[in-house]
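Counting starts at 1 for both ligands and their atoms, in listed order. Position 1 is the first residue of the sequence, and the numbers go up from there.
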Amino acid sequence: MPLTHRSRRKRSTRIAVTLLSGLLPIVLGSGILYMQAKRTLEQSAGETAEQALQQFDLMLDNTAEAARVLLPLAGKNCEDVKLALREQVTRRPFVRSTNLVWDNTLYCSSLFGQFKEAVNAGDYHQGKLWLMNGNPVTPDTALLIYRLSDGRGGALTTLDGYHLSNILRLIGRQTLLMLQVGDNWLSADGRVHQGPLPALPVAHSMLESERYGFNVSAGFPEGETWRYMAVNYPPLFSLLIFFGVISGAIGHVVQKRSNSPSHEMLRALEAGEFIPYFQPVVHGDSKQWSGAEVLMRWNHPKEGLVRPDLFIPFAEHSGLIVPMTRSLMQQTAALLGPHSAAFAKPFHIGINITASHCKDLELVEDCRDLLAAFAPGSVELVLELTERELIEPNDMTLQLFEQLHALGVIIAIDDFGTGHSSLGYLRAFKVDFLKIDQSFVAMIGIDALSRHILDSIIELSAKLDLAIVAEGVETQAQDDYLTEHQVDFMQGYLFAKPMPAADFIRALSDR
Ligand code: C2E
Ligand code: CA
Ligand code: CA
């Protein structure tokens, strides 16, 4: 059937949408966490670089101060000043050695006293700092040399690379931290390298010392953001997965609801897919058309014409049957209204009504609207209420039927014989017609008991002064039997099948 078929067809889309709605919060949340982790790492790298820069500046302040004190001694005899050189080494933290220069020659050293070595100012970054990979005394320990010069004289003070790499290690910890002086740079393992710094793809932060012109670089290797998230965010990830599951479930439920039969029928109602078919009802004696029953069909775009017993139960369950019936009545009015002149007066128009349509007085308006479309007196509106679904007599329903009668509407009990309507019920709602259920008609000539019930119904209706319609008349034998028993009206394939409006109107005008 159209309702279940449709949901099966859409299954793959449903699964995809469910997955998407589940993944959405996870992906969005992960994106936000990723940005957050990136920001944290950037902040951390920035702070680390800042701290290291301060420490290096502080160390170099000591080294530079020693050079400033010694500079006036440049040019003096080494033997006379070497104690002053050693005093600076002893008194100043971080200072490893001090040296005096004259005419670009290192001539006096705190370590060796009298000495001789050429000094090339070009080795020094901005003429001030030279980061070197050890010297002949300590070939494996990095050195940072500070140079201060004035005219022909100069002072060189050195800072032990051990202190520098210590800072890189202690402050850096998880961060990759490097000290760069000109073309050379020092890594946390204490080694001096030449050339460009290695790439720091994540959260790279570089600060330059205003006083000494060196750089400090901090950052993280590739993939650090994900590693950081994996270590620090597992509880948040669990939360995201939880939200993902909830969101997926909501997506699933919402789709299920929008794929529900009632949703599909609402769509069909709005698309005008519920259309009326008309089955003529004939007079028992003359077999002239006395009217027609309006039967609903679903003109489904893919399934074609759908029989009402396949969708009416869903429509009743969802409450859509009321607007569907209203639409059917409006279409009937629009289709048949203009042809009222062709009716053998008064023409019966039978509409099937469910009990849920009788919950308020709106039905009166629906009937009034339908009748207004026909020439006055040309039609009699028959409301068919099935006996299987009895209406509870109360103030509301009694008032409703009172007003319907005042409007001239005829009440028929449909499928009579299959339910339990009592005499009191027939009276309370001022029933005018009984429509004998087709199962009794079908048993004519076959089953004696059914025929007995049929006879009783015919007899009862005569006593109660109720008109009778026999439904489902298919054979001549049934017609003969019913005619013999003076059944007022007949309906069945023997006379005509339910047909679309155009056929019905054509047949009507042919008569
Ligand atoms: P129903 O009100 O008893 O309608 C008579 C049903 O018997 C119709 O079936 C009609 O096509 C069928 N019928 C007529 N003559 C013969 C015959 O000689 N032999 C046989 N075997 N069947 C015959 P249909 O149109 O399939 O409708 C089935 C039921 O669906 C209706 O039974 C009615 O209960 C419900 N229905 C149809 N339209 C509406 C509607 O607009 N509103 C409501 N609430 N129910 C409707
Ligand atoms: Ca009916
Ligand atoms: Ca019936």
Side-chain angles (χ1 to χ4, degrees), residues 1 265 268-269 273-282 287 289 291-299 304-333 335 348-359 363 366-367 370 381-391 410-419 421 431-444 454 457 468-479 481-482 487 489-501 503-504:
M1 74 162 290
M265 278 200 294
L269 176 62
E273 289 173 13
F274 298 110
I275 55 162
Y277 262 47
F278 301 91
Q279 185 180 31
V281 177
V282 302
K287 305 296 185 283
W289 287 14
E293 177 175 5
V294 182
L295 294 160
M296 198 183 293
R297 295 290 181 269
W298 184 350
N299 191 11
L305 216 58
V306 183
R307 278 172 28 222
D309 33 333
L310 293 181
F311 63 88
I312 293 278
F314 287 102
E316 285 178 351
H317 183 72
S318 64
L320 276 177
I321 187 65
V322 176
M324 281 160 71
T325 306
R326 188 167 296 139
S327 155
L328 207 68
M329 290 170 87
Q330 288 163 353
Q331 292 181 65
T332 302
L335 290 163
H348 290 165
I349 293 181
I351 302 278
N352 292 285
I353 296 292
T354 53
S356 58
H357 210 147
C358 303
K359 290 215 174 79
L363 181 58
D366 296 336
C367 293
L370 184 139
L381 176 56
V382 183
L383 295 187
E384 301 187 4
L385 302 159
T386 175
E387 199 188 33
R388 280 189 287 258
E389 197 192 38
L390 294 180
I391 294 163
I410 292 173
I411 304 298
I413 298 295
D414 203 355
D415 312 322
F416 191 78
T418 59
S421 57
V431 170
D432 307 283
F433 280 25
L434 297 182
K435 289 192 84 171
I436 303 173
D437 190 68
Q438 34 186 282
S439 59
F440 301 111
V441 175
M443 287 303 162
I444 292 174
L454 182 67
I457 295 173
I468 263 199
V469 186
E471 275 191 311
V473 182
E474 290 182 349
T475 65
Q476 193 55 51
Q478 291 164 352
D479 179 14
Y481 185 90
L482 295 162
V487 166
F489 302 100
M490 292 187 219
Q491 180 183 352
Y493 295 167
L494 181 66
F495 311 106
K497 286 196 166 181
M499 58 188 95
D503 293 357
F504 179 72

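- Look at D415 and the Ca ion (ligand 2): no N/O/S atom of the residue is under 3.0 Å from the metal.
- Between C358 and L363, the shortest heavy-atom distance links the atoms SG-CD2, 4.1 Å.
- When non-hydrogen atoms are compared, ligand 1 lies under 4.0 Å from the backbone of M296 as well as from its side chain.
- Between F504 and W289, the angle of the ring planes stays under 30°, which puts this pair in the parallel group of the 30/60° scheme.
- With 3.0 Å as the limit, E384 counts as an N, O or S neighbour of the Ca ion (ligand 2).
- Counting heavy atoms closer than 4.0 Å to ligand 1, residue M324 contributes nothing at all.
- Counting only heavy atoms of the protein, atom 6 (C) of ligand 1 lies nearest to Q438 NE2, 3.7 Å.
- Q478 and V441 make their closest contact through NE2-O, 3.4 Å (heavy atoms, listed as atom of the first residue, atom of the second, distance).
- The minimum heavy-atom distance between V469 and F433, with the atom names listed, is CG2-CD2, 3.8 Å.
- What sits closest to atom 2 (O) of ligand 1 on the protein, heavy atoms only, is D414 OD2, 2.9 Å.
- Residue E384 has no nitrogen or oxygen atom sitting less than 3.5 Å from a nitrogen or oxygen atom of ligand 1, judged on distance alone.
- K435 does not count as a contact of ligand 1, since none of its heavy atoms falls under 4.0 Å from the ligand.
- The shortest separation from a heavy atom of T386 to ligand 1 is not under 4.0 Å, leaving the residue out of contact.
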> Yes or no on side-chain contact (heavy atoms from CB on, under 4.5 Å) for Q330 and T332, after CA distance, side-chain angles and deciding distance?
Replying inline: CA-CA 5 Å; Q330 288 163 353; T332 302; over 6 Å; no
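- Under 3.5 Å, the side chains of T386 and D415 contain a donor-acceptor pair of N or O atoms.
- Each of the atoms 4 (O), 8 (C), 10 (C), 11 (O), 25 (O), 37 (C), 38 (N) of ligand 1 lies under 4.0 Å from some heavy atom of L295.
- In this structure the side chain of L454 reaches within 4.5 angstrom of the side chain of I444, judged on heavy atoms.
- The shortest contact between atom 5 (C) of ligand 1 and any protein heavy atom is with E471 OE2, 3.6 Å.
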> Y493 and Q279: side-chain contact (heavy atoms from CB on, under 4.5 Å), yes or no, with the steps?
Replying inline: CA-CA 9 Å; Y493 295 167; Q279 185 180 31; 3.9 Å; yes
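- Note on E293: its N/O/S atom closest to the Ca ion (ligand 2) is OE2.
- Residue R307 places no N or O, backbone or side chain, under 3.5 Å from any N or O of ligand 1.
- M443 contributes atom CE, which lies 11.5 Å from atom CD of Q438 (distance to the nearest 0.5 angstrom).
- E316 and T354 form no side-chain donor-acceptor contact under 3.5 Å, judged by distance and modelled atom types alone.
- Against a heavy-atom cut-off of under 4.0 Å, L328 is close to the following atoms of ligand 1: 41 (O).
- The option with the heavy atom closest to atom 28 (C) of ligand 1, from among G472, P276, P308, is P308.
- Residue Q491 places no N or O, backbone or side chain, under 3.5 Å from any N or O of ligand 1.
- The two residues F416 and I413 have their closest heavy-atom pair at CD1-CG2, 3.6 Å.
- Taking the charged nitrogens against the carboxylate oxygens, K435 and E387 have no contact shorter than 4.0 Å, which rules out a salt bridge.
- Coordination check, D437 versus the Ca ion (ligand 3): failed, since every N/O/S atom of the residue sits at 3.0 Å or beyond.
- Distance check for atom 11 (O) of ligand 1: a protein heavy atom is found below 4.0 Å.
- The nearest heavy-atom contact from the protein to atom 18 (O) of ligand 1 is Y493 N, 2.8 Å.
- When heavy-atom distances to ligand 1 are checked against a 4.0 Å cut-off, N352 comes that close through both its backbone and its side chain.
- Of the candidates R297, Q279, M329, R297 brings a heavy atom nearest to atom 25 (O) of ligand 1.
- Listed by number with element, the atoms of ligand 1 under 4.0 Å from a non-hydrogen atom of T354 are 44 (N).
- In terms of N/O distances under 3.5 Å, ligand 1 is not approached by T325.
- Because the distance cut-off is set at 3.0 Å, T386 fails to qualify as a neighbour of the Ca ion (ligand 2), as none of its N, O or S atoms comes that close.
- Close contacts of ligand 1 with D415, meaning ligand atoms under 4.0 Å from a residue heavy atom, involve 3 (O).
- Here E471 contributes OE1 and D414 contributes OD1, and at the Ca ion (ligand 3) these two atoms make an angle of 100°, given to 10°.
- Residue E293 places a heavy atom less than 4.0 Å from ligand 1.
- Residue contacts with ligand 1, taken as heavy atom pairs separated by less than 4.0 Å, do not involve K497 at all.
- Protein heavy atom nearest atom 21 (N) of ligand 1, with residue, atom name and distance: E474 OE2, 3.1 Å.
- Centroid-to-centroid, the aromatic rings of F311 and F274 come within less than 6.0 Å.
- Contact annotation for atom 34 (O) of ligand 1: protein absent (non-hydrogen atoms, distance under 4.0 Å).
- Nearest heavy atoms, H348 versus I410: NE2-CD1, 4.3 Å.
- Contact detail for V294 and N352: the closest heavy-atom pair is O-ND2, 3.3 Å.
- For R388 and D414, the salt-bridge test fails: no basic side-chain N is under 4.0 Å from an acidic carboxylate O.
- Between the side chain of S327 and the backbone N or O of P323, no donor-acceptor pair lies under 3.5 Å.
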